[in-house]
Amino acid sequence: NADPSTPGRAREEGWGVASDAGPAHRSVAEVRPDSSSQPAPQVVLVGRAMATFRLALIQLQISSVKSDNVTRACSFIREAATQGAKIVSLPECFNSPYGTKYFPEYAEKIPGESTQRLSEVAKECSIYLIGGSIPEEDAGKLYNTCAVFGPDGTLLAKYRKIHLFDIDVPGKITFQESETLSPGDSFSTFDTPYCRVGLGICYDMRFAELAQIYAQRGCQLLVYPGAFNLTTGPAHWELLQRSRAVDNQVYVATASPARDDEASYVAWGHSTVVNPWGEVLAKAGTEEAIVYSDIDLKKLAEIRQQMPVFRQKRSDLYAVEMKKP
């Protein structure tokens, strides 16, 4: 496990401070789970961890104008911070329409224009900011990449989607991210004063092994910025979140773009927070919204104590292991 005093692995310097202005509209879903006084012995609390914190998911309406998307995202981030959010997540492809024809046009380096703005607003608001994802260009390749910033504006983590969305459901949807994107090849977690957080993007949520590895590494919250569609969304969006949460006794959060029925790719919406018991704590509709939920780590400890599946695993019969860090 990483040193709790070190805020993440992919530390980079040179992120400054500025401000952005833009309109903000709010739709709030808010839950305060019941707490328990007894932590389970297998719960790893990072440093002097705080038992409860507020998470915010920004379900942003995405336009074709990158600068507008970024400015409006920063406005929503500020609003979430004023409502007490300590960790805030943007949706997948928050600065760009989602589609293989858009990725090359909207791609940026990291650091770059969009991530610089995220660094600045994270520092301004003193929050942990999960920057959804953007199309990233690096060494001639394109990636679907999530950048995470700490309260001082430092880049804490960078995660490149490892499972590309290549599917063909006859008569419903065909999509091939691999036409333009390359897959990442590493895991990504970051530490906060509250808990350790594991990152995935959209299609990654279908792969139970990724979530299991994050749980093994001490994560208590998994965040998946994602843009399911009108075929996969109603069938599997909530099912997969609840499955990953129950399998690993963790909180799972998903941040989707708002639905735009005129877009070439129509996102499902319904950004969601699920607790380790598989209960949906907060869920957006299809419209632009901020979803709030108070994450109670005492509740997580209680569930793990009552049903100690980690201690009951038969490591003599099976195992899920990392092939590389």
Salt bridge or not between [X] and [Y]? Use side-chain N to carboxylate O under 4.0 Å.
X	Y	value
R78	E124	yes
R160	D138	yes
E321	K323	yes
D316	R314	yes

* Within a radius of less than 6.0 Å around NZ of K109, do more than 12 heavy atoms belonging to other residues, nucleotides or ligands occur? ->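 More than 12 within 6.0 Å, yes.
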
* Exceeds 12 heavy-atom contacts within 6.0 angstrom, atom NZ of K66 ->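 Yes - once you tally the heavy atoms of other residues, nucleotides and ligands closer than 6.0 Å, there are more than 12.
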
* Answer yes or no on whether R54 is positioned over the face of Y292, meaning its NZ or CZ is under 6.0 Å from the six-membered ring centre and within 45° of the axis. =>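 Yes, a cation-pi geometry holds between R54 and Y292.
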
* **Short side-chain donor-acceptor distance under 3.5 Å, D294 and T52** =>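 On atom types as modelled, these side chains do not qualify, holding no pair under 3.5 Å.
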
Taking all heavy atoms of [X] and all of [Y], pick out the closest pair and write down the distance.
X	Y	result
G198	T189	CA-CG2, 4.1 Å
I127	A81	CG2-CB, 4.1 Å
E177	D166	N-OD1, 2.8 Å
Q220	R304	CG-NH2, 4.4 Å
V280	K283	CG1-CB, 4.0 Å
A157	F190	CB-CB, 4.3 Å

* Apply side-chain hydrogen bond (donor to acceptor under 3.5 Å, both in side chains) to Q59 and S256, showing your working. => CA-CA 6 Å; Q59 186 162 290; S256 170; 4.7 Å; no

* **Ring centroid separation F175 to Y98 under 6.0 Å** =>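 For F175 and Y98, the ring centres are under 6.0 Å apart.
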
* Approximate separation, where rounding is to 0.5 Å, of Q116 CD and E108 CD ->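 Going from CD on Q116 over to CD on E108, the span is 11.0 Å.
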
* Of all residues at least two apart in sequence or in a different chain, which pass the salt bridge (Lys or Arg N to Asp or Glu O under 4.0 Å) check with D68? ->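 Counting only residues at least two positions away or on another chain, D68 forms no salt bridge (Lys or Arg N to Asp or Glu O under 4.0 Å).
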
Would you kindly confirm whether [X] and [Y] end up in one hydrophobic cluster when ILVMFWY residues are joined by side chain heavy atoms under 4.5 Å apart?
X	Y	answer
F53	Y251	yes
L181	I134	no
L230	W237	yes
I110	I77	yes

* To do: Run through K141, K158, K161 and flag the one making a side chain to side chain donor-acceptor pair (under 3.5 Å) with E136.
  =>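 Per the side chain to side chain donor-acceptor pair (under 3.5 Å) rule, the option paired with E136 is K158, out of K141, K158, K161.
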
Is it true that a side-chain atom of [X] and a backbone atom of [Y] form a donor plus acceptor pair closer than 3.5 Å?
X	Y	result
Y265	A227	yes
D204	H163	yes
S271	A284	no
N248	V250	no

* What is the ring orientation for Y203 with F165, classed by angle as parallel under 30°, tilted 30 to 60°, or perpendicular over 60°? ->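 Perpendicular: the ring planes of Y203 and F165 meet at over 60°.
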
* Testing E288, H270, E287 for side-chain contact (heavy atoms from CB on, under 4.5 Å) with R259, which one passes? ->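 In the set E288, H270, E287, the residue that makes a side-chain contact (heavy atoms from CB on, under 4.5 Å) with R259 is H270.
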
* Asked: Which residues pass the side chain to side chain donor-acceptor pair (under 3.5 Å) test with T232, sequence neighbours left out?
  ->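 Per chain and number, T232 pairs via side chain to side chain donor-acceptor pair (under 3.5 Å) with N229.
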
